[in-house]
Amino acid sequence: MLRFFKTTPPTALLGLFIILSVAIMGVFAPFLAPYGETEVVGAAYMPWDSVHLLGTDNLGRDMLSRVIYGARNTVGLALLTTAIAFTVGATLGIYAALKGGWVDQVVSRAVDVLMAVPPLILALMLLAIVGPSIPNMVLVIAVIYVAPVFRLARASSMNIVVLDFVQAARLRGEGNLWLISREILPNITSTLVAEFGLRFCFVFLFIAALSFLGLGIQPPTADWGSMVKENATLITFGDITPLIPAAAIAVLTIGINFVVDWMLHKASGLKD
Amino acid sequence: MSGIQKLVLRRIGLGIVTLFIVSLLIFIGVELLPSDLAQEILGQAATPETVAAFRRELGLDQPAVIRYLEWVAGVFQGDFGVSLANRRDVAELVAPRLKNTMFLAGYAAAIAVPVAVTLGILAALFRNSIFDRLANVFALSSISLPEFFVAYVLILLFAVNIPLFPSLARIDDATPFIEALYRTFLPALTLILVVIAHMMRMTRAAIINVLAEPYIEMARLKGVPRYKVILRHALPNALPPIINVVAINLAYLIVGVVVVEVVFVYPGLGQLLVDAVAKRDFPVVQAVGLFFAATYISLNILADVLSILSNPRLRAKA
Amino acid sequence: MIEKLKQDLATGTISRRTFMAGALAMGATVSSASLLVGEAHAIAPQKGGTLRIGFTQGSTSDTFDPATFNNDFMLATGYAVFNTLVELAPDGSGQPDLAESYEASADAKTWTFRLRDEATFSDGKKVTAADVIASIRHHLGENSKSAAKPLLKSIEDIKADGDNTVVFTLTEGNADFPLIFNDYHLGIRPAQADGTIDPDTMIGTGGYVVESFEAGVRAVLKRRDDYWKKGRAHIDRVEILTIADPAARMNALLTGEVDLIDRPDLKTVHMLKRNPNVKLHTQDGTLHYVMPMHSDTAPFDDNNVRLALKNAINRQEFVDKVLKGYGKVGNDQPIASSMQFYNDQLAPRAFDPEKAKYHLKQAGLDTLNVKLHTAENAFGGAVDASLLFSETAKAAGINIEVVREPADGYWSNVWLKKPFCTSYWGGRPTADLMFTTAYAAGADWNESRFNHERFNELLVKARAELDTETRRNMYFEMQQIVSDEGSTIIPAFGQYVSAMTKRVHMPEKVTQLWDLDGMRFIERWWVS
Amino acid sequence: MTNILTVRDLHIQARHKHGTTEIVKGIDLDLKPGEVLGLVGESGAGKSTLGLAAMGYTRDGCRISSGSIRFRDQELVGASASTLRHLHGNSIAYVAQSAAASFNPSHRLIDQFTEAPLEHGVRSRKQAEADAIQLYREMQLPNPEEIGFRYPYQVSGGQLQRAMTAMAMSCKPDLIIFDEPTTALDVTTQIEVLAAIRKVVKEHNTAAIYITHDLAVVSQMADRIMVLRDGHMVETAPTEEMLANPKEDYTKSLWAVRTLHRETRPRPEKTPLLAIDKVTAHYGEFKALDSISFDILPQRTVAVVGESGSGKSTLAKVITGLLPHSPGGEIRWQGEALPPRLQDRDKTILRDVQMIYQMPDTALNPRHRVRDVVGRPLTFYLGLHGAEKEERLRSLMEQIELDPDIYLNRRITELSGGQKQRIGIARALAAEPRFIICDEVTSALDQLVAEGILKLLLKLQEKYGLTYMFITHDLATVEAIADDVVVMQHGKIVEQGTRDEVFSPPHPDYSARLLASVPEMDPHWLDRVLAEQKIDLLENN
């Protein structure tokens with residue numbers, strides 16, 4: 001354990017600390033938050049004091065509690081969305097690389113089409129069709145991000161499928177499931193993890209952008225993206241309230257990427 | 001016909017097929033949207049009677065397949081139809097906004113691409129130095145902030161607190177070029193900050209990736225100075241991924257700037273498309289959607305061709 | 001008689017409204033009456049300057065076709081470029097505009113409008129009866145898609161009486177008929193040879209001509225030097241921009257990019273006020289928020305259920321939290337306090353869970369489970385309002401499940417279709433129009449499917465009644481009926497808020513319909 | 001004569017995730033001008049690290065912890081970056097193992113040639129280009145005037161290696177470090193490169209350090225040989241002396257490797273286990289196999305010999321069904337035709353035919369543990385689980401001479417190359433096959449390790465009556481293990497027969513050249529071969 005702290009770079013430790021804190025905040029939000037997520041506890045825009053550590057927001061809800069609950073909603077949803085996109089995208093990508101031929105062609109062309117439609121427009125249309133509920137939003141964003149994940153998974157699998165151990169497994173007569181999950185996936189995990197970090201942040205920002213256009217997570221649910229938006233006009237007056245959720249997003253993004261950089265470094269180190 | 005030409009032609013052919021499928025998807029999408037233009041325009045003021053009258057006027061009472069085929073037939077004759085909402089020629093409606101979008105994208109790209117690539121090269125050159133780490137944190141922060149937030153902060157800093165630039169990017173045909181650059185500086189800066197990080201990180205990663213190649217060690221053992229090793233030996237071989245990420249970001253600058261358009265009240269295509277989707281103005285959605293898809297596809301083709309040209313082996317093979 | 005009234009007005013013994021009503025009731029030509037008002041309140045507007053406006057609304061699909069006008073951008077532009085026959089005065093009464101005068105027959109079924117001699121279109125052509133008829137007909141007939149069509153439903157026939165006079169024959173008497181012509185759809189456009197108007201024409205009789213127009217982006221208007229109306233159109237040049245983002249709109253005002261914005265973000269209005277160059281304009285109006293229940297659908301077919309719900313909503317909270325204090329509690333009836341026949345004797349309905357419970361019991365229920373359909377675009381804060389309602393109603397044993405509907409298509413798929421939803425009304429200039437539009441049995445937009453025999457009877461009678469006192473009594477009773485037996489919860493009336501730099505000036509009194517002086521501010525206000 | 005290079009008590013450390021290890025442990029080295037020193041050792045002996053250190057250069061993660069390296073009078077340990085840069089390429093040059101990877105693919109050969117002279121300011125571009133053409137000629141490259149204007153991919157491996165030597169000579173350095181310059185080449189190519197290098201180094205009187213694991217090669221090139229093991233020097237002596245009379249046991253064991261020889265077994269008259277009958281295969285348009293026919297008899301070992309591009313690996317793919325052969329030919333397994341496609345073969349065939357791969361690093365999934373790799377065929381083919389499987393695992397580990405207690409739970413990444421290759425054998429063995437294809441199984445291994453693997457394979461063949469097909473380019477391996485030999489070139493069979501038949505004259509041309517190109521551990525072998533003019537050095541690429 002001690003050695004872990006000694007051998008891990010400080011940036012990665014910081015990143016891990018941030019991710020862990022946010023995770024704890026998210027999981028234990030109801031116990032950590034001094035007030036409820038949507039509970040109105042005072043006047044609007046109360047300044048920071050001992051009762052409301054970060055003051056109150058536009059409706060008089062406790063800012064600290066909203067930030068804590070926001071961790072749960074924002075991070076949880078972004079995580080879920082990214083996870084779906086990766087599960088589907090990576091499976092398809094590896095499968096296409098493994099099969100090659102017309103399977104690869106068909107899926108790749110379909111992904112080309114998907115990528116050729118601007119993501120925001122795709123989201124606007126899909127959400128308008130299925131209705132902007134949270135599950136729909138998660139699915140729609142996941143569908144949009146399947147495309148880039150597919151490409152990455154396919155490209156990295158291409159380097160793996162030609163290796164002898166995959167050939168060995170094929171010669172053994174292994175099925176696709178085994179080839180994908182046991183032979184190829186473990187070898188592209190680090191690439192996928194790195195992409196996961198970045199995509200996760202993109203999903204985050206995408207949700208925020210959708211909120212900006214009125215289609216994201218709807219009030220009164222606390223999510224960091226919408227909280228920035230809801231209070232954004234305050235920036236004009238030099239009020240730093242909107243900076244809190246924005247900073248939360250930024251800190252988490254940086255934390256995740258620190259960890260991802262470290263993992264990549266470790267992965268590449270093993271190769272040498 | 002050279003290989004490159006053949007390749008480009010094949011890719012263009014494939015691109016056209018993709019565009020066709022995209023147009024079909026967009027049409028189906030618009031068809032699936034709840035309500036239609038008549039209802040959206042009339043809004044709360046719609047009565048069944050007025051909606052029916054409006055639909056008749058717009059031709060929305062025709063079956064969907066016929067409307068789509070008519071539209072496709074029009075496009076093949078270079079006619080993108082007329083906007084359902086205001087009966088203006090779509091091409092005429094789109095053209096000035098297209099110009100604005102390209103102007104802003106070009107403006108941002110002209111600054112962002114060289115700066116990002118330079119910073120990426122410097123970060124790779126001074127790997128793990130303070131500069132590298134600072135650049136990394138800066139890059140991560142700038143991608144982690146929502147665009148509109150960056151925009152608001154820039155407005156606060158450079159329009160409200162220190163009134164250097166206008167907070168609205170109002171330009172029209174009559175605006176002189178230099179004046180237009182000045183007025184659109186803040187939106188361009190917002191976009192630059194948004195795209196620079198991604199390109200910078202990829203440039204750095206691509207170069208560092210190449211640095212592990214034996215020919216880099218060879219170059220160093222020939223006594224070539226570090227910066228020349230990077231510029232002459234690493235950069236040319238790191239170009240394909242850099243070209244790719246630049247293409248992705250260029251595409252983003254063209255198709256993904258709705259939010260910036262909204263904040264700076266800049267009349268670009270993004271806002272037009274969002275409005276057209278909201279109003280179910282199918283011909284406009286189609287025209288803009290197709291333009292965006294075409295942009296994406298052509299940038300991809302361009303990136304591929306440039307990648308091939310940057311590699312002597314592929315260049316000769318193609 | 002006129003002299004007597006004029007004297008009373010000057011000495012303040014009668015309100016302006018009484019004066020107008022009185023004058024109208026006597027069949028006086030209204031033109032002279034409004035002139036009197038002009039004399040009574042001396043104002044000193046300044047000429048020249050430029051006004052730049054940042055509007056929330058405005059869409060790339062906007063056109064000049066009056067049938068499709070549906071947002072503030074086009075309303076303001078329309079009123080600046082075109083004139084209507086009648087305009088709404090600040091006191092809520094009608095005032096001749098393109099019509100020099102108008103008068104009704106005794107049964108209020110035939111109305112004769114005489115046009116002004118001096119009024120010309122911007123191409124120099126004189127306004128004739130043919131122009132008026134073509135412009136009105138644009139909104140009539142089977143093929144009209146105009147939203148103004150229902151307003152004009154009672155018109156049986158339009159005839160020209162010479163070049164200068166238009167005669168409308170109605171299917172039933174309507175004392176408020178002239179006020180319909182204040183509507184923004186009904187600006188007068190030049191007739192073409194075939195008796196129709198060119199829907200896209202920008203040629204109007206108004207004080208401004210269009211210099212440039214880019215839908216959803218901006219419009220530039222230039223003052224007409226030869227404007228026929230005196231004492232109006234002070235500003236030389238007007239630039240209207242669509243700035244949909246609230247923060248951008250606010251920044252534009254603060255950085256001096258625009259002089260006036262509508263709908264500033266209410267969250268930050270208090271901070272905006274601190275800026276020494278900025279002033280706020282709040283305006284009571286006819287805007288009100290509604291939660292209609294289908295009175296023919298269980299459980300809302302029982303008035304006790306409706307009363308229970310009416311008592312279970314916390315109206316003050318609605319005003320404080322949803323409207324951020326910019327509003328007044330409502331009393332479940334749609335007539336605003338600024339309107340002519342407002343019933344000021346109705347006791348405000350307080351939040352009273354006990355009473356709600358009592359009504360539930362009367363309906364034979366212990367608890368009530370209902371679904372309230374809403375969407376963000378039903379009105380700003382509609383979802384919050386519904387959630388708040390749901391919270392407070394619990395105290396009365398009422399479970400309101402808030403169903404959030406997609407904003408897209410809300411007006412076509414939810415409103416009028418779901419038995420309990422959220423909506424709003426920008427208001428109508430008269431009590432009759434308001435009731436006729438949304439409460440009359442069989443009306444297209446009778447969102448609560450309200451059908452009350454006595455109410456229906458009174459509505460028709462009051463419309464044709466020319467005696468003000470009798471009319472007032474009738475409207476008072478109708479407001480009482482709607483409030484007590486109606487099927488619409490009206491928790492609050494909203495205020496319009498706009499913000500402008502201090503160089504923007506307006507008359508002492510402004511029209512209370514819609515925002516910004518009845519959206520006629522361009523020709524009425526001025527800049528220094 | 002003063003030394004051109006003097007190394008004293010050199011220690012070099014390498015950093016890794018668990019701390020640091022010393023990889024060069026106190027080496028002394030002296031090099032006179034014009035002398036060629038051969039550095040010999042197995043992988044991990046520290047020979048490359050030492051070679052690079054002679055330039056004052058260490059790779060990322062390594063550092064010189066103590067000692068001294070003097071190039072003439074210049075101390076290189078602790079010298080400034082600019083001092084070193086001035087020496088690199090100018091006075092000390094480097095020739096890397098893989099020329100294909102060490103030439104920048106984006107620049108033409110001549111531009112890479114002139115880079116160092118221009119950088120160091122010792123030549124004008126014109127002069128440098130003239131030098132290049134001169135040196136290309138000296139290196140016996142075809143079209144010396146024109147070849148420099150090609151890109152690296154347009155030039156064959158042997159030519160590239162010669163071009164790289166020419167590049168190293170571009171500033172007429174006093175010392176060149178050759179780091180395994182011919183290891184990646186086929187034997188017939190290697191001999192040309194060796195000859196060219198030797199000639200140029202001699203003519204320019206350049207001192208050189210020649211790093212290799214191949215004793216036969218080093219004995220052609222070096223004046224003196226130094227044997228390294230685990231960062232220590234084992235012994236050093238002039239070449240002839242070292243070959244004739246190695247002193248240390250370790251050195252002797254290295255010398256002994258090449259003595260493995262299989263007893264000749266008579267060719268029995270049995271039905272073939274596998275019959276290849278007029279098999280042709282294509283990669284797209286390219287015909288990779290052209291009507292190949294031969295038989296593999298049960299319990300024998302057939303060696304398929306050829307250089308890169310001869311089609312020998314394609315043959316393996318066709319037999320396993322990964323690359324279905326073109327219609328017309330037939331592959332018969334025990335007399336019955338095999339379906340060409342892998343997907344159409346049933347599990348018993350798949351189980352009977354196993355394969356062992358060339359590169360142990362890619363043959364085993366680096367994310368798995370030994371237990372997973374060896375255990376999978378047990379479960380997959382034999383349906384073994386639990387204790388039964390465990391028992392089989394342990395017995396298999398014992399078969400391949402690895403301690404099950406230590407190795408069964410190791411990660412693949414924690415194994416050495418030889419150990420990985422043994423695991424590869426265990427995996428094949430686990431299926432209880434009858435036929436194993438061995439694709440260059442020893443070529444990536446050190447000689448001692450390779451010998452161990454070959455012995456193991458022989459032992460297993462005895463024990464289980466296995467039939468092998470050995471794909472190899474190394475004639476020593478053929479000597480060691482094969483009963484029958486098939487020589488391939490350009491997708492065709494050039495010669496086939498028993499080993500003794502193929503190895504004794506008369507030979508077809510190609511076989512002759514192949515056999516003559518195999519270096520022998522005689523310092524005069526190269527001179528002799530060149531003198532006999534058995535090999536046409538020019539224009540055979």
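Naming convention: chains lettered A, B, ... in sequence-line order (proteins, then strands); numbering from 1 in each chain.
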Compare all side-chain heavy atoms of B:Val265 with those of C:Arg218 and state whether any distance is below 4.5 angstrom. no
Interface moiety of C:Arg249 toward chain B, non-hydrogen atoms closer than 4.5 Å: neither
Sort C:Ser212 into side chain, backbone, both or neither according to what part of it lies under 4.5 angstrom from a heavy atom of chain B. neither
Please report the interatomic distance CG(B:Leu93) to CD(C:Glu214), rounded to the nearest 0.5 Å. 9.0 Å
Under the side-chain contact (heavy atoms from CB on, under 4.5 Å) test, which residues partner C:Glu257, sequence neighbours left out? B:Pro166, B:Ser167, B:Leu168, B:Arg170, C:Ala252, C:Thr255
